[in-house]
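Quick notes on the structure that follows.
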2 protein chains.
Amino acid sequence: MERRAGKRIACIVQYDGTLFNGWQIQNSGRTVQGDIEDALKVLSGKSVRITASGRTDAGVHARGQVFHFDLPVDIPLKRICGGLNGIMDRDASVINAYQVPDDFHARYSAVEREYRYYIHNHPCSSPFALNRAMWVKEKLDLQYLENLADFCRGENDFASFCKKRESEDINTVRTIKDISFTENNSLIEIKIVGNAFLHNMIRIMVGTFVELHNNNDDPSRVKEILDKRDRIYGGKTAPPSGLYLHRIAYDPELETFDGAF
Amino acid sequence: MERRAGKRIACIVQYDGTLFNGWQIQNSGRTVQGDIEDALKVLSGKSVRITASGRTDAGVHARGQVFHFDLPVDIPLKRICGGLNGIMDRDASVINAYQVPDDFHARYSAVEREYRYYIHNHPCSSPFALNRAMWVKEKLDLQYLENLADFCRGENDFASFCKKRESEDINTVRTIKDISFTENNSLIEIKIVGNAFLHNMIRIMVGTFVELHNNNDDPSRVKEILDKRDRIYGGKTAPPSGLYLHRIAYDPELETFDGAF
């Protein structure tokens with residue numbers, strides 16, 4: 001009988017996406033996946049391939065990205081966090097590690113995804129929003145944004161809010177469980193919860209919202225755009241710097257397994 | 001009768017202190033005052049000296065620093081904000097400008113100062129706390145910190161929490177009107193309000209709090225340290241990256257004057 005090489009580990013990682021060319025390893029450029037795999041090789045002495053809950057694009061941040069891998073050697077969970085963080089640059093940090101069942105999969109086991117999008121809404125720029133939020137000078141009316149969101153909640157075909165090339169090959173129906181808006185000192189936080197999202201879906205949605213707002217369009221216009229099922233009717237893609245992968249939910253939750261902290 | 005050369009303007013400026021060698025112009029190194037005066041010269045065509053509510057040290061941030069100056073030429077208030085921000089690097093931003101009476105003084109007219117100090121309290125570092133908060137690995141007990149704060153509120157001689165050389169030349173009695181603690185997702189926010197503060201006073205206070213906590217000392221120990229009136233009994237100076245000059249209060253408030261926004 002073949003002995004298992006190791007055990008499956010899932011980690012939560014935070015990163016400031018500013019200096020990364022996104023999550024996924026590319027032919028060139030620094031990536032989060034690349035940095036973590038390089039650090040895992042130093043830590044474990046072996047090449048380890050990691051799998052994330054989903055990719056994030058260049059400039060997009062994460063507070064709760066999840067990835068899993070099979071560890072070929074025995075390393076205590078706390079040492080995985082401390083070891084990786086000691087090797088990696090400080091714009092990415094593994095904040096917890098869990099011992100998960102062999103059939104846990106960071107992507108396929110995910111039941112819900114939560115993102116946040118931040119808008120610095122002030123006539124003047126903010127040093128603290130630089131690379132961390134979208135800047136919108138015109139005063140945004142939160143009630144108007146709520147009205148737009150009402151048309152997007154629930155199950156919809158979001159082809160108009162998806163990178164064109166990709167929308168042709170896949171089913172573009174997704175379910176948005178919640179969109180809510182809060183404002184605090186010129187910073188608008190948009191919370192978006194769904195089962196899964198299309199490529200650029202949140203950024204195109206936010207860009208469309210801001211465009212409709214500034215054009216003073218009737219909120220029902222967003223419904224017309226969705227019904228077109230074509231990217232060309234959506235607004236500009238909002239900048240990546242405002243987007244944060246906030247949390248991935250699993251059933252059972254990741255926190256139910258043995259964790260480093 | 002001599003005609004006045006111009007009019008007095010007060011501005012609110014935000015800055016990320018990471019790449020500045022503090023507020024005050026130095027013989028070498030980039031400073032906030034230096035950047036603003038350089039930009040004012042470009043904007044107005046004349047050398048203009050500005051006066052702040054107080055200096056901030058290298059690495060310390062500001063959300064509501066106030067400075068005043070006498071403008072030798074007539075420039076609309078919105079153009080002052082837009083013009084300065086268009087010239088300066090984006091880690092400093094003038095967020096409002098007010099036309100104030102000739103006797104308004106950013107420092108001497110201030111009646112209250114509010115700072116915030118942030119602690120990232122988690123076993124692992126955070127990319128979002130990098131250069132923006134102090135990192136404390138040991139779980140901090142907020143009730144214990146509250147107990148320490150109880151001994152610091154009100155009028156006290158804070159010589160133990162002041163840079164030694166400076167405490168010898170000045171009256172070191174200050175009044176802390178409020179200290180309060182809130183926690184949100186591993187980020188502890190300490191709000192500190194007072195009439196005025198000694199050099200490094202908040203950073204030494206926070207550093208002392210963390211040290212007493214980690215030593216499991218009796219909270220009354222902070223009273224003993226204050227009574228010594230000597231810096232050598234205080235704890236380490238907490239890092240500048242956690243400190244934010246949050247707001248300067250005036251009577252009447254700055255917002256009662258004509259503003260750009």
Side-chain angles (χ1 to χ4, degrees), chain A residues 11-20 32 35 61-65 77-97 116 118 120-133 135 137-139 184-187 189 241 244 246-247 259-261, chain B residues 11-20 32 35 61-65 77-97 116 118 120-133 135 137-139 184-187 189 241 244 246-247 259-261:
Chain A
C11 289
I12 302 179
V13 62
Q14 299 191 329
Y15 45 90
D16 177 332
T18 310
L19 302 179
F20 287 105
V32 186
D35 274 20
H61 314 292
R63 292 205 188 100
Q65 170 70 290
L77 293 170
K78 280 190 187 177
R79 174 96 184 90
I80 291 174
C81 297
L84 292 179
N85 293 339
I87 297 162
M88 293 193 296
D89 282 347
R90 287 185 60 191
D91 53 353
S93 178
V94 172
I95 61 163
N96 216 335
R116 304 280 171 102
Y118 292 89
H120 170 65
N121 190 27
H122 191 280
C124 303
S125 67
S126 161
F128 305 110
L130 195 61
N131 297 323
R132 298 276 178 94
W135 176 26
K137 296 182 191 185
E138 300 77 15
K139 179 72 186 153
N184 185 16
N185 282 324
S186 308
L187 191 69
E189 180 186 73
S241 57
Y244 292 68
H246 189 79
R247 186 170 192 277
F261 305 108
Chain B
C11 289
I12 302 179
V13 62
Q14 299 192 328
Y15 44 90
D16 177 332
T18 309
L19 301 179
F20 287 105
V32 186
D35 274 18
H61 314 292
R63 291 206 189 99
Q65 170 70 291
L77 293 171
K78 279 190 187 177
R79 174 96 184 90
I80 291 174
C81 296
L84 292 178
N85 293 339
I87 296 162
M88 293 192 297
D89 282 347
R90 287 185 60 190
D91 54 352
S93 178
V94 172
I95 61 163
N96 215 336
R116 305 280 171 100
Y118 292 89
H120 170 65
N121 190 27
H122 192 279
C124 303
S125 66
S126 161
F128 305 109
L130 195 61
N131 296 325
R132 297 276 176 95
W135 176 27
K137 296 181 191 186
E138 301 77 15
K139 179 73 188 155
N184 185 16
N185 282 324
S186 308
L187 190 69
E189 179 186 72
S241 57
Y244 293 67
H246 189 79
R247 185 170 193 277
F261 305 109

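We name chains A, B, ... by the order of the sequence lines, and we start the count at 1 in each one.
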As an exercise, state the distance from SG of Cys81(A) to NE2 of His122(B), rounded to the nearest 0.5 Å.
8.5 Å
Which pair of non-hydrogen atoms, one from Asp91(A) and one from Leu130(B), has the smallest distance, and what is that distance?
N-CD2, 4.5 Å
Go through the structure and list residues passing salt bridge (Lys or Arg N to Asp or Glu O under 4.0 Å) with Lys139(B), not counting sequence neighbours.
Glu183(B)
Among Val94(B), Ile95(B), Asp16(B), which has the most heavy-atom pairs under 4.5 Å with chain A?
Ile95(B)
Let me know if Ala62(A) has heavy atoms under 4.5 Å from chain B in its side chain, its backbone, both or neither.
backbone
Please report the closest heavy-atom contact between Arg132(B) and Pro127(A), naming both atoms and the distance.
NH2-O, 3.8 Å
What part of Asn85(A) gets closer than 4.5 Å to chain B, counting heavy atoms only: side chain, backbone, both or neither?
side chain
With only heavy atoms counted, which part of Phe128(A) is less than 4.5 Å from chain B, the side chain, the backbone, both or neither?
both
Closest non-hydrogen atoms of Ser93(B) and Ser125(A), given as atom of the first, atom of the second and distance, are OG-O, 2.5 Å
